[in-house]
Trainee: 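My questions all concern the structure below.
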Amino acid sequence: MQKVIAELPPKQVINFLLQHFKNTNLQKPGNFQQNGTDFGFKSNEDFWKVLLRERNTAFKSLILEGFRIVDWFPRTPGLYHTEDAFRARMDAKHYLREEKGIKFYNPHGKFHMIEGGVGSVRFKPVTVENQECLLCTATSDNYCHSGIPLAIPDRLVSKIDFDDYKLYFNIIGKVKFLPNFLENHFIHMSRIPQIYVLVDNLQVVSTDRLAEPIKITPMVFFTSNSSSLNTDIENELNQRVTYANCNAHSNEELDIACDWIKFYVSQYSGVIITNFDEQRPAFVI
């Protein structure tokens, strides 16, 4: 089995994720700025409303006002804000279970939540336009998977303390298409613009808002022969999915999430076949 991160194993993706990436009917425009930038946004939702609707947003400059930054990346940037993703998350509720006071989704529900835009991954630094960058996410709502993908040059990374989730930033940059070498990590995306924001400058801003830890959803695919999970798709691919929620700033919480994922997979006699963290790999594949 080929090792992968962020995408499904090659040749197994076509029937696993159905045609659920359609353009949304979103209509709220962004704010046009008069200070040298083309757009200004104050929330994840407003950003994606424009990016999913407009055709000519690439190479436009923007400012993201009052966002926090996490060193994780949405598995499918923008998907969370589509109508199909919303319906998938609603469908997932049919598979919510509770044991000993703990609520959780079975693999069918987890599958629908991944279709709904949930999922986070973390990359090693990459070279973009001849400068080393860290792939991160700007978020206004405490979650990585609904946020805005960033490439932050090394010269600016020192302004960020990823252990301090209370820092807010004004982020100035330009919308770019994903470079070719990153496209393979997002082969599962369809009908969503493959863009990111190349950051030009970061400004720490003061705010009286109460900050909660930023949540990530590390996720894995696993194979299983469990007869309790049979569906047409899963029978064909012999593949399931799960994820966990944890705080991004804590390695201890991430380790607990990894242990939970391993336990969950073991309940279905499964074998994990993907990783979600290039910086600190969670599993031996």
Trainee: Examine distances only and state if a side-chain atom of Trp72 and a backbone atom of His145 form a donor-acceptor pair shorter than 3.5 Å.
Mentor: no
Trainee: Between Met219 and Val118, is the side-chain contact (heavy atoms from CB on, under 4.5 Å) condition met? List the steps.
Mentor: CA-CA 9 Å; Met219 49 82 65; Val118 171; over 6 Å; no
Trainee: Do side-chain atoms of Lys159 reach the backbone of Leu202 as a donor and acceptor pair under 3.5 angstrom?
Mentor: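 Yes; judged by distance alone, with no hydrogens or angles, the pair exists.
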Trainee: I'd like to check Tyr264 versus Lys110 (side-chain heavy atoms, cut-off strictly below 4.5 Å). Are they in contact?
Mentor: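 Yes. Closest side-chain heavy atoms under 4.5 Å.
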Trainee: With a cut-off of 6.0 Å (strictly less than), are more than 12 heavy atoms of other residues, nucleotides or ligands near NZ of Lys174?
Mentor: no
Trainee: If you compare all heavy atoms of Phe276 against all heavy atoms of Ala282, which two are closest, and at what distance to 0.1 Å?
Mentor: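 Minimum heavy-atom separation between Phe276 and Ala282: CZ-CB, 3.6 Å.
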Trainee: As an exercise, state the distance from NE2 of His112 to CG of Asn106, rounded to the nearest 0.5 Å.
Mentor: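 Between His112 NE2 and Asn106 CG, I get 9.0 Å after rounding to 0.5 Å.
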Trainee: Do Ile195 and Leu178 come close enough that some side-chain heavy atom pair is under 4.5 Å?
Mentor: no
Trainee: Looking at every non-hydrogen atom in both residues, tell me the closest pair between Gly78 and Leu52 and how far apart they are.
Mentor: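 Gly78 and Leu52 have their closest heavy atoms at O-CD1, 4.0 Å.
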Trainee: From Ser140 OG over to Phe47 CZ, what is the distance, rounded to the nearest 0.5 angstrom?
Mentor: 11.5 Å
Trainee: Same cluster or not: are Ile272 and Phe263 linked, directly or through other Ile, Leu, Val, Met, Phe, Trp or Tyr residues, by side-chain heavy atoms under 4.5 angstrom apart?
Mentor: no
Trainee: Before giving the answer on side-chain contact (heavy atoms from CB on, under 4.5 Å), spell out for Arg240 and Ile273 the whole-Å C-alpha distance, their side-chain angles and the decisive distance to 0.1 Å.
Mentor: CA-CA 10 Å; Arg240 294 80 166 99; Ile273 59 174; over 6 Å; no
Trainee: Judged by atom type as modelled, is there a donor-acceptor pair below 3.5 Å linking the side chain of Glu278 to the main-chain atoms of Lys124?
Mentor: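 Flag set: sc Glu278 to bb Lys124 pair under 3.5 Å.
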Trainee: Using only atom types and a distance under 3.5 Å, with no angle test, would you say the side chain of Thr137 pairs donor to acceptor with the backbone of Pro149?
Mentor: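 Not at all, since once roles are kept as given, no pair shorter than 3.5 Å links the two residues.
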Trainee: To the nearest 0.5 Å, tell me how far Ser266 OG sits from Phe222 CZ.
Mentor: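 Here the interatomic distance stands at 9.5 Å.
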Trainee: Distance-only check: which donor-acceptor pairs under 3.5 Å involve side-chain atoms of residues 88-95, not counting sequence neighbours?
Mentor:
from  : atom 1 : to     : atom 2 : distance (Å)
Arg89 : NH1    : Tyr80  : O      : 3.0
Arg89 : NH1    : Gly116 : O      : 2.7

Trainee: Should Leu167 and Ile160 count as side-chain neighbours, where that means a heavy-atom distance under 4.5 Å?
Mentor: no
Trainee: In Å and rounded to the nearest 0.5 Å, what is the OH to OG1 distance from Tyr143 to Thr139?
Mentor: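 Interatomic distance, Tyr143 OH to Thr139 OG1, rounded to 0.5 Å: 9.5 Å.
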Trainee: Quick check: does any side chain N or O of Ser250 sit under 3.5 Å from a backbone N or O of Glu253, one acting as donor and the other as acceptor?
Mentor: yes
Trainee: Tell me, please, which residues at least two apart from Tyr196 pass ring pair (Phe, Tyr, Trp, His ring centres under 6.0 Å).
Mentor: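 Testing Tyr196 for ring pair (Phe, Tyr, Trp, His ring centres under 6.0 Å), a comparison that skips the adjacent residues, returns none.
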Trainee: Donor-acceptor check, side chain of Ser61 to backbone of Asp38, threshold 3.5 angstrom: yes or no?
Mentor: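 Yes: the side chain of Ser61 pairs with the backbone of Asp38.
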Trainee: Contact between Ile148 and Leu64 at the side-chain level, heavy atoms closer than 4.5 Å - yes or no?
Mentor: yes
Trainee: Checking the side chain of Thr76 only, and the main-chain atoms of Leu79 only, is there a donor and an acceptor separated by less than 3.5 Å?
Mentor: no
Trainee: May I ask you to test the Val265-Val271 pair for a side-chain heavy-atom distance under 4.5 Å?
Mentor: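 Not in contact.
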Trainee: So, Asn275 side chain and Phe283 main chain: donor-acceptor pair closer than 3.5 Å or not?
Mentor: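 At least one qualifying donor-acceptor pair exists.
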Trainee: Would you check if Pro218 and Cys246 make a side-chain contact, meaning some heavy-atom pair closer than 4.5 Å?
Mentor: yes
Trainee: Just so I know, are the side chains of Pro74 and Val121 near enough to count as touching, which here means a heavy-atom distance under 4.5 Å?
Mentor: no
Trainee: Do Gln131 and Asp154 come close enough that some side-chain heavy atom pair is under 4.5 Å?
Mentor: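 They are not in side-chain contact.
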Trainee: Check each of Leu150, Ile63, Asp200 against Ile171 using the side chain to side chain contact (heavy atoms under 4.5 Å, CB included) test, and report the only one that passes.
Mentor: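 Going through Leu150, Ile63, Asp200 one by one, the side chain to side chain contact (heavy atoms under 4.5 Å, CB included) with Ile171 is satisfied by Leu150 alone.
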Trainee: I'd like to know whether Thr82 forms a side chain to side chain donor-acceptor pair (under 3.5 Å) with Asp84, so could you lay out the CA-CA distance, the side-chain angles of the two residues, the decisive distance to 0.1 Å, and finally the verdict.
Mentor: CA-CA 5 Å; Thr82 66; Asp84 283 348; 5.8 Å; no
Trainee: Do Leu254 and Leu135 sit in the same hydrophobic cluster, where Ile, Leu, Val, Met, Phe, Trp and Tyr count as joined when their side-chain heavy atoms come under 4.5 Å apart?
Mentor: yes
Trainee: For Leu198 and Cys133, which heavy atoms make the closest approach, and how far apart are they?
Mentor: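 Distance-wise, the nearest heavy atoms are CD1-SG, 4.3 Å.
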Trainee: Please tell me whether Phe86 and Met113 are part of a single hydrophobic cluster in this structure, the criterion being side-chain heavy atoms less than 4.5 Å apart.
Mentor: no
Trainee: Please indicate whether Tyr105 has more than 12 foreign heavy atoms, meaning atoms of other residues, nucleotides or ligands, lying under 6.0 Å from its OH.
Mentor: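 Check passes, neighbour count above 12.
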Trainee: Please report the interatomic distance CG(Asn247) to CD(Glu212), rounded to the nearest 0.5 Å.
Mentor: 9.5 Å
Trainee: Write down the atom of Val70, the atom of Ala248, and the distance for their closest heavy-atom approach.
Mentor: CG2-CB, 3.4 Å
Trainee: If two hydrophobic side chains count as joined below 4.5 Å and joins carry through other members, does Leu51 share a cluster with Phe177?
Mentor: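 Yes: a chain of side-chain contacts under 4.5 Å links Leu51 to Phe177.
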Trainee: Hey, is CD on Glu99 packed in by over 12 heavy atoms from elsewhere, all under 6.0 Å?
Mentor: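 At most 12 heavy atoms, drawn from other residues, nucleotides or ligands, come within 6.0 Å of this atom.
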Trainee: Indicate yes or no: does Glu115 engage Arg87 in a salt bridge with an N to O separation below 4.0 Å.
Mentor: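 Here Glu115 does not pair with Arg87 in a salt bridge, since their nearest N and O are not under 4.0 Å apart.
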Trainee: Say whether, by atom type as modelled, one donor and one acceptor occur between the side chain of Asn170 and the main chain of Gly66 under 3.5 angstrom.
Mentor: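 Present.
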Trainee: Does any pair with a residue in residues 148-173 pass ring-ring contact (aromatic ring centres under 6.0 Å, His included), and if so which ones, sequence neighbours excluded?
Mentor: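 As it turns out, the ring-ring contact (aromatic ring centres under 6.0 Å, His included) pairs with a partner in residues 148-173, which skip direct neighbours, are Tyr165-His249.
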Trainee: I need the Cys144 SG to Lys215 NZ distance, nearest 0.5 Å.
Mentor: 13.0 Å
Trainee: For the pair Asp255 and Arg280, evaluate salt bridge (Lys or Arg N to Asp or Glu O under 4.0 Å) and give the outcome as yes or no after the intermediate values.
Mentor: CA-CA 10 Å; Asp255 288 342; Arg280 189 173 177 264; 3.0 Å; yes
Trainee: Please answer whether the main-chain N or O of Thr217 pairs with a side-chain N or O of Ser120 as donor and acceptor at a distance below 3.5 Å.
Mentor: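 Yes, Ser120 side chain to Thr217 backbone: donor-acceptor pair under 3.5 Å.
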Trainee: Determine whether Ile256 and Ile261 fall in the same hydrophobic cluster, where Ile, Leu, Val, Met, Phe, Trp and Tyr are linked whenever their side-chain heavy atoms lie under 4.5 Å apart.
Mentor: no
